[in-house]
Number of protein chains: 2
Amino acid sequence: MNKHPAGLADQKDPSAQHELPCPMPDIAKLIGGKWKLILLQVLIFQGTKRFSELRRQIEGITQTMLTSQLRALERDGLVARKVYPEVPPKVEYSATQRARQLEPMFKEMHAWWLKS
Amino acid sequence: MNKHPAGLADQKDPSAQHELPCPMPDIAKLIGGKWKLILLQVLIFQGTKRFSELRRQIEGITQTMLTSQLRALERDGLVARKVYPEVPPKVEYSATQRARQLEPMFKEMHAWWLKS
DNA sequence: CGGAATCCCACAGGATACTG
DNA sequence: CAGTATCCTGTGGGATTCCG
C-alpha cells in the first residue's frame, strides 16, 4: 500500500511558487470510484435515504456495488448507517458532518460545470 | 457507452428538496482516474511544465500513463500542449482557462481535507 | 527528450442466485 | 427489504521495448 505513494515528489525549491493543495491520491481514495461522488451528492443534498430509495434513484447501480460503496463510505466516516430492527428490515443512510462539509466543493464543481 | 448512463433517475417529485448539482458521471469522466487530479493540480498551481518535469515531480507515474492522461486532458480542453520543434525535443504543458477555473474547487477540497 | 507500440495483469465493477 | 455469496469480464494502469 505504501509502496507507491503516487503523490508529489518533494519540492527542492524552498520558495515554492504556490503551495500545492494537499495529497490528491488520499482524497481520491475517499471519494474516487464510479459511484461515491453520486452517492455523497444525493445524501448531502437530499438527506437521509433508505437502501431501496438509493437503488432506485441511482439508476444503473447494482445492489452489490451499492452495498460495497456505502460500506466504504461508512468506514471512512462519510456516511452513517442506521438499522431499524423491524421486519421487514429498514436501513437508512445519511451523510455525516464530515461529508456535509463537502457541500461547498460540490457547489464549486457544479458552478464549474455550468461555466465550462 | 450509452447503455449505462449511470446518472440519477428522474425525480418524480416536482418540488425536489434541493436541486442536485449536476451529473457527476460526466465530471468523473473529465477529472477521474488515478492521475488527472494530480496533473491538473500541478499545472494549475505551478504553471507550465515540461514532460520530464511532470514525470519527475509526479512520483510513481510511468511515461505511458503520463502521456495518455495528458492526451485525455488535452482532448477535453483542460490542458494545452505546446511543441517546440527543436532537437532535442521540448514539449510544454499548461492548464487551459477552463482548467484554471477549477482552482476554487481544488481549494475547497484542500480546505475540507484540513478540516476533516 | 518525448514519446509510440506491445504485452500483461489486478482489480473495479457487474450478473445472478440465494437468504435472514 | 436489505443484504451476502459466487462467479465473471473489461479495462485502468503498469512494464518493457523501440523510435524520430
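Lettering follows sequence order; numbering is per chain, from 1. Heavy-atom basis, side chains included; hydrogens, waters and symmetry copies ignored.
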For this session: Provide, to the nearest angstrom, the distance between the CD atom belonging to B:Glu92 and the P atom belonging to C:dG3.
Result: 12 Å
For this session: Give me the ring orientation class for A:Phe106 and A:Phe45: parallel if the planes are under 30° apart, tilted from 30 to 60°, perpendicular past 60°.
Result: perpendicular
For this session: Output the single nucleotide from D:dC1, D:dG14, C:dC1 whose closest atom is nearest the side chain of A:Pro88.
Result: D:dC1
For this session: Provide, to the nearest angstrom, the distance between the CZ atom belonging to A:Arg55 and the P atom belonging to D:dA2.
Result: 8 Å
Exercise. C:dG14 P sits how many Å from A:Ile58 CD1, rounded?
Worked result: 12 Å
Problem set entry | Test item: A:Lys36 side-chain N/O and A:Lys29 main-chain N/O as donor-acceptor pair under 3.5 Å | yes
Problem set entry | Side-chain N,O (A:Tyr93) to OP1/OP2 (D:dC1) below 4.0 Å | no
Problem set entry | Minimum-distance nucleotide (side-chain atoms of B:Thr64 versus C:dC1, C:dT16, D:dT16) | D:dT16
Exercise. Would a 4.5 Å heavy-atom cut-off, applied to side chains only, mark B:Leu73 and B:Thr96 as touching?
Worked result: no
Exercise. Out of D:dC1, C:dG2, C:dG3, which nucleotide sits closest to the side chain of B:Ser52?
Worked result: C:dG2
Problem set entry | Residue B:Gln63, side-chain heavy atoms: nucleotide from C:dG2, D:dG14, D:dT16 that is nearest | D:dT16
Exercise. Are any of the side-chain heavy atoms of B:Met109 and B:Trp113 separated by less than 4.5 Å?
Worked result: no
Seminar exercise, completed: Rounded to whole Å, the OH-P distance (B:Tyr84 to C:dC1) equals 17 Å
Exercise. Where the side chain of A:Arg81 is concerned, which of D:dA2, C:dG3, C:dG13 is the nearest nucleotide?
Worked result: D:dA2
For this session: Begin from the C-alpha positions of A:Lys82 and A:Thr48 and carry the test side chain to side chain contact (heavy atoms under 4.5 Å, CB included) through to its verdict.
Result: CA-CA 10 Å; A:Lys82 176 114 187 254; A:Thr48 301; over 6 Å; no
Exercise. Between A:Lys82 (NZ) and D:dA2 (P), how many Å, whole number?
Worked result: 14 Å
Exercise. Roughly, in whole Å, what's the span from NZ in B:Lys29 to P in D:dT11?
Worked result: 12 Å
For this session: Identify, residue by residue, the members of residues 65-77 of chain A with a heavy atom below 4.0 Å from DNA chain C, and return them in order of residue number, or none.
Result: A:Met65
Exercise. If only atom types and distance count, is the side chain of A:Arg98 paired as donor or acceptor with the main-chain N or O of A:Asp76 below 3.5 Å?
Worked result: yes
Problem set entry | Options D:dG13, D:dA2, C:dG13, nucleotide nearest the side-chain atoms of A:Arg50 | D:dA2
Exercise. Can you tell me if B:Trp112 uses its side chain to pair, donor with acceptor, with the backbone of A:Ala99 under 3.5 Å?
Worked result: no
Problem set entry | Whole-Å distance separating the CD1 atom of B:Ile61 from the P atom of D:dG14 | 7 Å
For this session: May I have the distance from A:Glu86 (atom CD) to C:dG20 (atom C1'), rounded to whole angstrom?
Result: 15 Å
